[in-house]
2 protein chains.
Amino acid sequence: MEPIAGGPAQLVLTASIARRYYVDGRSKVEIADEFRLSRFKVARLLDQARSSGLVRIEISHPGNVDLDLSARLQETFGLRRAIVVDTPEDDPAALRLQLGKAAADLLTEIVTADDVLGLAWARAVTAMTDQLTSLATVPVVQLTGALTRPDVEANSVELVRHTARLSGGPAYLFYAPLVVPDATTARALRQQPEVADAISHFDVVTKAVVGLGSWAAGQSTLYDAMDETACEQLRKRGVVADISGVFVDANGVPVQSKVTDRVIAINAEQMNAIDEVIAIPYGLAKVDAVRAAVRSGLVNGLVTHSPLARALLDAHNE
Amino acid sequence: MEPIAGGPAQLVLTASIARRYYVDGRSKVEIADEFRLSRFKVARLLDQARSSGLVRIEISHPGNVDLDLSARLQETFGLRRAIVVDTPEDDPAALRLQLGKAAADLLTEIVTADDVLGLAWARAVTAMTDQLTSLATVPVVQLTGALTRPDVEANSVELVRHTARLSGGPAYLFYAPLVVPDATTARALRQQPEVADAISHFDVVTKAVVGLGSWAAGQSTLYDAMDETACEQLRKRGVVADISGVFVDANGVPVQSKVTDRVIAINAEQMNAIDEVIAIPYGLAKVDAVRAAVRSGLVNGLVTHSPLARALLDAHNE
DNA sequence: ACGTGTGCCGCTCATATGAGCGGGTCCCTG
DNA sequence: CAGGGACCCGCTCATATGAGCGGCACACGT
């Protein structure tokens, strides 16, 4: 693997050839010609140069996206998209900002006029839309009700409206909470004209950005907003993650329960039908939730930060 | 030249492909297959990755030889050999030691059983032979007389004898000074049997290691050993370098003069007939001398240190 | 001296690759 | 709305390249 070549002249020759080939981009035949060697000899020297470590190839770029980690994450988990932002930041708000920017850039890039965009309510999604500056003209569909929290200004509606305005496309939005006290209320809400209209568009959504929470206190806005009993019940059913209102267990299997009926949001089946579903998780506490979400196949795009990406890869390799 | 790609997804895709291609060594066709792209698209992305600087290729190795500089020196001046030792050392003795080692390794590598080795007297050559540990069995021919200096132990004779013993081949050596007071003495010396014998072997020498001095006080052992008048006369003739007794001007043209006749050493014509002539110059004061020596075509191999190598390249590029 | 193993070389032939072309699309601009 | 112009794509076809083979020289043990 690493047996550096023989004499110094050999070494210099190999380096010259490597330079001609890799830096100057000449063909091996040309090089062979120039150095009066057979092209085979040139090829062998180049092989040796690479395997001995004389030629090192690095992939990097000036931005804050860790391309190598992104690629590995994408490949390892079979994702359609993966963006890993390389930042030492660990303050959640600042992190959200950075990931939001990366996600916004991603969305700008991948959304084309043929798409229908779905947006769920989540702080990370808000962070994204806030930094969105350009978007193809597409319909924007609200995928979930909103939760009002003292520390958050925007709600799901504003998020959708803002994005649709930016895009120039129609908005399908409604005013409703993400979770209500009982199934009956939920059913009634779902029959409201605006809600029903939005829901009727769920199956034409082609790209969506969703929230992703770990099913534990402080790790999921939905968890924190729900009553203790319901949370406990879902935990007993093996729920480890909520994907904008869709509950999944550690194996990524969606969990149906009475609680599910109280949620005003896209369901597992509908989400599964969406071509690309992107989540923006951060924080090491979410490792298991992300694994579950990815395993479920519901989420096939990730925008995250390097520590979480590394943790995911580590967890995968054991 | 450096317009980094478009969106982040594009970037990650390009990085993935670059990794597959450069790191994993897969073919473009395989990659195209894997990513569902045309091989042309893959090729274009890879081109872009290289030209945008996303993929960086470096050539380096753990030793103290600067391969890149060596290669550039070799190419720029059309040399057969160039070894640039990367060292911050500037103490002449320590430098000689390092260059001597590099030159010794080089000699071990390039001298084969078919060669005839010629050695001139010079401190740097002594530094080389002292560190020579292995050499093909070849005849070793003394190319110059010796100068005895208080700070030097070995002389040309010892140098040749030692090398021949190491090699196992015959030695053609003689006892004579490098320079004598008048041409008549020189002529007489050249007819001495041992001297004549060595000289008769000059034209079969295939590889030689010579000294290289700048024609100024303290920059050439020969200069320092000669009378003021002679030095001055040669300087007036435009001499800037002495190559083990061969004087050349700034354009690399050998300078004949009455002084030349007083030197017991190989002459320009004979040196020119040698396939490889290697010098081991060091110190920035020798830039012009090295340029002249290389331009003359008499010297076609260099073992030197990085500052001098850089200075040579700089001088060439202006 | 004589196998014999090892390393290096250059070959053939199937495959990968590059240069350059022409046909699209989108976006200006007149 | 027509006419460029600036891409971006995938094609053809000549060329470059890789896999694997047999020949050759050298080193070594018997």
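Quick note on labels: first sequence line is chain A, next is B, and so on, each numbered from 1.
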Check the distance between [N]'s [atom2] and [X]'s [atom1] and give it to me in whole angstrom.
X	N	atom1	atom2	value
A:Glu30	C:dA19	CD	C1'	13 Å
B:Leu46	C:dA19	CG	P	14 Å
A:Arg39	C:dG10	CZ	C1'	9 Å
A:Glu34	D:dA16	CD	P	15 Å
B:Leu45	C:dG18	CG	C1'	16 Å
A:Asp47	D:dT17	CG	P	12 Å
B:Tyr21	C:dT17	OH	C1'	8 Å
B:Arg26	D:dA19	CZ	P	11 Å

Return the [atom1] to [atom2] distance between [X] and [Y], rounded to the nearest 0.5 Å.
X	Y	atom1	atom2	value
A:Thr126	A:Ile280	OG1	CD1	9.5 Å
B:Asp105	B:Thr133	CG	OG1	7.0 Å
B:Ile110	B:Arg80	CD1	CZ	9.0 Å

Short side-chain N/O contact to [N] OP1/OP2 from [X], under 4.0 Å:
X	N	result
A:Lys28	C:dT17	no
A:Ser38	C:dG10	yes
B:Lys41	D:dC9	yes

Requested in this report: Inspect the contact between A:Arg26 and A:Glu34 and indicate whether a charged nitrogen and a carboxylate oxygen are less than 4.0 angstrom apart.
Outcome: no

Query raised in the report: Salt-bridged, B:Arg20 to A:Glu75, with N to O below 4.0 Å?
Result: yes

**Report entry** Degree of bending in the helix from C:dA1-D:dT30 to C:dG30-D:dC1 once both end axes are built from five pairs, to 10°
**Finding:** 20°

Query raised in the report: Between B:Phe40 and A:Ala43, who's closer to the 5' end of DNA chain D by nearest nucleotide?
Result: B:Phe40

Query raised in the report: Does any donor-acceptor pair link the side chain of A:Arg44 with the base of D:dG18 at a separation under 3.5 Å?
Result: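 There is none.
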
Query raised in the report: Hey, are the side chains of A:Val116 and A:His201 touching, using non-hydrogen atoms and a 4.5 Å cut-off?
Result: no

Query raised in the report: Picking from C:dT17, D:dA16, C:dC13, which would you name as closest to the side chain of A:Ser27?
Result: D:dA16

**Report entry** A:Asp115 side chain to A:Thr206 side chain, donor-acceptor N/O pair below 3.5 angstrom
**Finding:** yes

